[in-house]
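Note sheet for the following structure.
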Amino acid sequence: MSPATYAYYPGCALHSTAKEYDVSTKLVTKALGIELRELEDWICCGASSAHTISRPLSISLPAHELVSAGKQGLPLVTSCAMCFSRLKFSSKEIQDPETREMVGQVLGEEVPENQEVNHLLEVLSREEIPVTRSLSGLRIACYYGCLLTRPAAVTQFDDSVENPQIMDRLLQRLGAETLDWPFKTECCGAGMLIPRRDIVIKLSHRLLYQARQAGANCLAVACPVCHSNLDLRQREMRSRYGDHFDLPVLYFTQLIGLAMGFSPAEMLLDHHFSDPMPLMREQGWVKKG
Amino acid sequence: MVASPVNSSTDSDLRIVGFLCNWCSYAGADMAGTSRESYPANIRLIRVPCSGRVDPMLIVKCFEMGADGVLVAGCHPGDCHYGEGNFHTRRRLALLRPFLDFLGIEQERLRLEWVSATEGKLFSRVVADFEQELKKLAPRGVAA
Amino acid sequence: MSRIGVFICHCGRNIAEPVDIPAVMEATRAIPGVVYVDENQFTCSLPGQDSVRRAIVEQRLDRVVIGACSPRMHEETFRKALASAGLNPYLLEIANIREHCAWVHGNDRPAATAKAIELVRMAVAKAARNQALFPKEIGVTKRALVIGGGIAGIQAALDIADAGHEVVLVEREPSIGGRMAQLDKTFPTLDCSACILTPKMVEASQHPLITLRTCAQVEAVRGFVGNFEVDIKQGARKVDQEKCTSCGICWQKCPEKVPSEFEMGQGKRSAIYIPFAQAVPAIPVIDTEHCRYIRYLKFNEDKEEGKAPPQCRICEKLCPPQAIDWEEEDSLITEKFGALVVATGYKPFDPTVYEEFGYGHYPDVITGLELERLMSASGPTDGQVLRPSDGTPPKTVVFVSCIGSRDETKGHSYCSQTCCMYMAKHAILLQEHDPEVQSYIFYIDIRATGKGYEEFSRRAQEEAGAQYLRGRIAKVYPKDGKLVVQGEDSLIGRPVEITADLVVLAAAMEPNTGAAEMAQRLSISYDSDHFFVQAHPKLRPVETQTDGVFLAGSCIFPSDIPQSVAQGSAAASKAAALLNRDHLVTNPMTALVDPLKCTGCLQCVAVCPFNAVETQLSREQRTLAVINEGTCKGCGLCVSACRPGAIDLRGTTNQQLLAEVMALW
Amino acid sequence: MLTKDRIVPSADFCQRVEALSGEKITRCNQCGKCTAGCPAAYTMDLGPRQVMRAIQLGLKEEVLQSPTIWICLFCQTCSARCPMGIDVARTIESLCLMAEAEHRKPPEKEIELFHRLFVDSILRHGHLWELGLGGFYNLRSGHPLANISFVPKMLQKGKLRLLPPRTGRGARMRDIFARAREVEAARHKKGEV
């Protein structure tokens, strides 16, 4: 039985570009009786940038949250795969006493040696989810991204690095069909969106192409960075590669919410750039008209 | 004692006993001879079939008799003629060391080395090294 | 008091110059027990040996000490001299005053002389405690057991039998032939594997001195060189070998079809079957896991719920000579052998651990051995290479080397030696099958070190047009019914993408299932990959540390056919040389247990590397350790492990070692 | 910058990278599985395998001036698949840090600029201020209109913050960054990153 209370680290994106992820996370967990206590003074984990600039900083920034959660004596959960990765790397680095001391010096606080870190997917996959509206009709390509499963020794996320199943199984339980496709953990381009948009568009295009090949009518993601790259850039992919995907990219929490009976509006499905509404109408979630 | 400039034998009155396994280290000491790799003359070598044959109590006996140092040498790990004898040696001597402490004998006086049949040079270096180490310790019987 | 004679050798000037020999002799005369001291220019020379012999007789010596070179040089020489003078050869001691003294302290005569005196004194002290020792002669059971009926085992069995000794060849599978039987053609000559192997299989089965035991496994090994006792589990075929005529009706009519192991799961066999057409013996075997009637019997026995399997028994009804024997059970046979040859071979590495390559996930990703079966005229596709997914002939084939080899994270660190060559062979053969086929071979290094191998590898590139790309691949994924292979060509330094119809993984060779357990049964060593360890990697390549146990083939390390055959013959010659002898002389310097002191703690059993310590019950029902002198190698591990001091080692007794130490003070 | 006609291999640089990354670069046998699976290798001058080789040969300039170390997405694919168990991504991360410690001018200056502005945003606000980061980046990189088409809809949906987040963490962040810089300076002095 998983504990019902977690220290919640949303990460920056969930307060801005991934607002719908934050909202759906909160609604779903509340309905399931899981209490997420958002850390009061949380700061950015450094994401994909800090670790190329400063090693002390890149370990200390996530450790700030390890300290806060440790003070509350609660297991930590985050919804963002990037934050999850940074937290996990930091946890691993501070196993080394010398590094732990260094981080303690930077933060001016004692750093706990062992602080449990979860990704929301891990927490929700352990829950019984009451289905009021089956997701049947959705053919979902579950996209895990690079950082949930890799490196296995650090993240200890799923049995499989290349073909994880945890999100597939969760969504299958909600009645969806999930697809066996080979790009579940290929990179979307991550934080290169601003400085090297060309890389992101190329890699994300590759992913959407494969998802469509596999017969997907939508994608499910568990990371706001992946979501931005896949959702925001479909028009640019069209002008560059001529592929007209129009594939909705949904957070897995939004899908859980729909299955639990929340409306598409409550799950902020209208916040996406690649509009999920046609699919919702086709599947009878929203009345045509 | 007045040291004679030509007679180095009086340089040190140390007594070192060496137990060498027949297959590697004894042959290595032979190789040191063949290639004239000289080493201190105060070591006396005893041939045993395997370093694992050396009973820890025999080592204690050497110290009891007044030996300044005891060298046990065998094949390199994995090369033991009998497969795994040297691993037993390693384990047994590790267990013996705290007991030496108890007897008031410095652990440095017991040395375990791996010397193969071809390592004549290494053997002579091991003995010379050991002698130097022993010289740094207070003479046996004098220490408080 | 003993009568010890001491002989100091000058070794020309080798010893005489750095060591003051008269001083050594004078000091030696003063040692109690020494009754005679002499010197020689060269004691090892004939006149020198004569002087020793003469003194033994004239002075009635009962021990001899020789101060000379290393015992590793001339111990045997002087032991013979003692024996010829009527003295037990083990009453000799040698003081090593050359290698350990004269040659290393040459610049310090007083020190060298003092040391020589002490070395002689130590040798005298030890010699005074020497006992006469008598080697034992043991008989030799003139039969060999060969474990494993692949090409290495078959070769060993044939060569031993040709040398005139009886051989039992034990094979786990229903037929001999091993992995070689599964191959289509062989590199670098491209001769048909079956064509060269089948005659050898038949020869082995018809040789008057060879007994084949298929479906059989070695369960336990006892005894020692020349006198092994082996328990062999003979699995039940449930077909009477005497009656069966191999007519084939049973396996043709059996209605139960299961994936064929021989075809690597790509074809079907029946529940009563011979693994392949040329199987030797061609006696079918009933697969008790799948046979409908046996499942029916088990169903009734276990009183399972549900619908009972049918009481088929079609084979029994149709068998003309009525050879089906439902009653036959596994049996245990114990036989004696003088020598054992282990040739348990390899199994292919399972590539499913490489999730990124999709083996087991995408049907058109196969292993090299699977391709062999697809290429074989007797294989599941009658020799047509067709894609497992849709049965179409592949035009673009990608080969990938080092699957499980040279990979320390998911596989083995070693190179499997054969893959480079069989990939070249596959490329050549595919091109022969269908000139339109284009092969791509991803390799890290081309290892073509055998005779004709490099030329063969060139042929794949130059004549068969195989495109070699230096690099590993990273991923295989499906696209439009084909497979996309992502790799790098590290010579040009750019990522490569090939859209292929078929991907063939060159899976590593690893020791066969149960190798470690087999090694433990035989008291031989195995390495961290579970390959068996040779007595010496260069000079004793087919022997083990256990006398009388020999090795051949891929159980030592991945070997190709020529190497396996050579090792089979080599092991056979070692075994035959052993079996040619009427008796073996044992080393008398073995351990000995004092039953009065033994407490039965059996620490000795735990440390003995040779399983030479056996146990007995004393008259008062106490467990006692007893040394098997045939197996004991005289290492003395048990002596120093024995807490009550009940064990001693002949030739290096506790007393002798103590005396040597005491002689120093 | 090639000053010599031919490479003169040396081991010093490799040993230093090994010390900084904790990875045994000499284990690399150049199989190329890293480059084969690297999603960004197509746009690199040196693929990850070549970076490893250049380290082995001691080609410090080539490596630290290579755009590769900045293009790397740190997706960990190479590290997860390396048959020799080398953490290639960690090695490349160490190279970035080495280049930073030496105050080198990065060849992919826009990527490095982005990372710097990103970290700067954390320092100022405690959280990332996306609009601010984008704005500053566009100004500094000389692409003032890049990515601007998304902004109105995102603002409308509340997915971008017009004003920087008021987290009240300013003092705390300045504290953390100052101490991190101290620690870093001490590490640089010891030859660490």
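For chain D, the option among A:Ala152, A:Ser54, A:Ser60 with the highest count of heavy-atom pairs below 4.5 Å is A:Ser54. Across A:Leu147, A:Thr185, A:Thr149, A:Leu203, the residue that shares the most heavy-atom pairs under 4.5 angstrom with chain D is A:Leu203. Looking only at heavy-atom pairs under 4.5 Å with chain A, the residue among D:Ile92, D:Asp87, D:Ile111, D:Leu95 that has the most is D:Ile111. Listed options A:Glu236, A:Glu93, A:Glu186 were ranked by heavy-atom pairs under 4.5 angstrom with chain D; first place goes to A:Glu93. Top candidate by heavy-atom pairs under 4.5 Å with chain D, chosen from A:Gly11, A:Ser16, A:Cys146, A:Cys12, is A:Ser16. Note: D:Thr77 leads D:Ile69, D:Val193, D:Thr77 in heavy-atom pairs under 4.5 Å with chain A.
The stretch residues 96-112 of chain A places A:Met102, A:Gln105, A:Val106, A:Leu107, A:Gly108, A:Glu109 near chain D, each with some heavy atom under 4.5 Å from a heavy atom of that chain. Residues of residues 155-165 of chain A lying under 4.5 angstrom from chain D, judged on non-hydrogen atoms, are A:Val161, A:Glu162 by number.
Between the side chains of D:Ser79 and A:Arg150, no donor-acceptor pair of N or O atoms lies under 3.5 Å.
Residues D:Gln76 and A:Pro151 come closest through the heavy atom pair OE1-CG, 3.8 Å. When all heavy atoms of A:Ala50 and D:Val119 are compared, the closest pair comes out as CA-CG2, 3.8 Å. When all heavy atoms of D:Glu184 and A:Pro56 are compared, the closest pair comes out as OE2-CD, 3.8 Å. For the pair A:Thr52 and D:Cys96, the tightest heavy-atom approach, listed with the atom from each and the gap, is O-CB, 3.8 Å.
Contact annotation: the side chain of D:Phe114 never approaches that of A:Met192 to less than 4.5 Å [non-hydrogen atoms, C-beta and beyond]. Side-chain contact between A:Arg55 and D:Glu192 is absent, with no heavy atoms from C-beta onward closer than 4.5 Å. A:Lys19 has its side chain out of reach of D:Leu160: every pair of non-hydrogen atoms, C-beta onward, lies at least 4.5 Å apart. No side-chain heavy atom of A:Pro195 sits under 4.5 Å from any side-chain heavy atom of D:Trp70. Inter-residue side-chain proximity for A:Leu193 and D:Asn147 is flagged as unmet; no heavy-atom pair is nearer than 4.5 Å. In this structure the side chain of D:Pro39 reaches within 4.5 angstrom of the side chain of A:Arg206, judged on heavy atoms. Side-chain contact between D:Tyr42 and A:Ile199 is present, with heavy atoms from C-beta onward closer than 4.5 Å.
Looking at D:Ser94, both its backbone and its side chain come within 4.5 Å of chain A, counting heavy atoms on both sides. Contacts of D:Leu20 with chain A are made by backbone atoms alone, with heavy-atom separations under 4.5 Å and no side-chain atom involved. In this structure, chain D has heavy atoms under 4.5 Å from both the backbone and the side chain of A:His15. Both the backbone and the side chain of D:Ile71 come within contact range of chain A, judged by heavy atoms closer than 4.5 Å. Contact of A:Leu61 with chain D is made through the side chain alone, with heavy-atom distances under 4.5 Å. Proximity to chain A is absent for every atom of D:Arg181, based on heavy atoms less than 4.5 angstrom apart. Contact annotation for D:Leu97: both backbone and side-chain heavy atoms come within less than 4.5 Å of a heavy atom of chain A. Only the side chain of A:Phe89 comes within contact range of chain D, judged by heavy atoms closer than 4.5 Å.
Between the OG1 atom of A:Thr17 and the CE atom of D:Met154 there is a distance of 5.5 Å, given to the nearest 0.5 Å. In this structure, the separation between OG on A:Ser49 and CD on D:Glu112 is 10.0 Å, given to the nearest 0.5 Å. Separation of atoms CD (D:Glu130) and CD1 (A:Ile194) is listed at 8.5 Å; rounding is to 0.5 Å. Atom CZ of D:Arg169 is separated from atom CD1 of A:Ile43 by 8.0 Å, given to the nearest 0.5 angstrom. Considering CZ of D:Phe150 and CG of A:Asp231, their distance stands at 9.0 Å, rounded to 0.5 Å. To the nearest 0.5 angstrom, A:Ser48 atom OG is 6.0 Å from D:Phe118 atom CZ.
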Would you mind writing out the side-chain donor-acceptor pairs for residues 133-140 of chain D within the sub-3.5 Å range, not counting sequence neighbours?
| unit_1 | atom_1 | unit_2 | atom_2 | d |
| --- | --- | --- | --- | --- |
| D:Tyr137 | OH | D:Glu110 | OE1 | 3.4 |
| D:Asn138 | ND2 | D:Pro144 | O | 3.2 |
| D:Asn138 | ND2 | D:Ala146 | O | 2.9 |

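Under the rule for a ring-ring contact (aromatic ring centres under 6.0 Å, His included), the partners of A:Tyr21 that lie at least two apart in sequence or sit in another chain are A:Tyr251.
Look at A:Arg196 and D:Glu108 and you find a salt bridge, because one of the NZ, NE, NH1 or NH2 atoms lies within 4.0 Å of a carboxylate O, short of that distance. A salt bridge links A:Glu20 with D:Lys159: at least one charged nitrogen is closer than 4.0 Å to a carboxylate oxygen.
Classified by interplanar angle (parallel below 30°, tilted 30° to 60°, perpendicular above 60°), the ring pair D:His127/A:Trp42 is parallel.
The environment of NZ in A:Lys26 is crowded: more than 12 heavy-atom neighbours from other residues, nucleotides or ligands sit within 6.0 Å. Applying the 6.0 Å contact sphere to CZ of A:Arg238 captures no more than 12 heavy atoms from other residues, nucleotides or ligands. Residue-environment remark: CZ (A:Arg240) exceeds the threshold of 12 foreign heavy atoms within 6.0 Å. Other residues, nucleotides and ligands place no more than 12 heavy atoms under 6.0 Å from the CZ atom of A:Arg235.
With hydrogens and angles ignored, the 3.5 Å screen pairs a side-chain donor or acceptor of A:His271 with a backbone N or O of D:Lys157.
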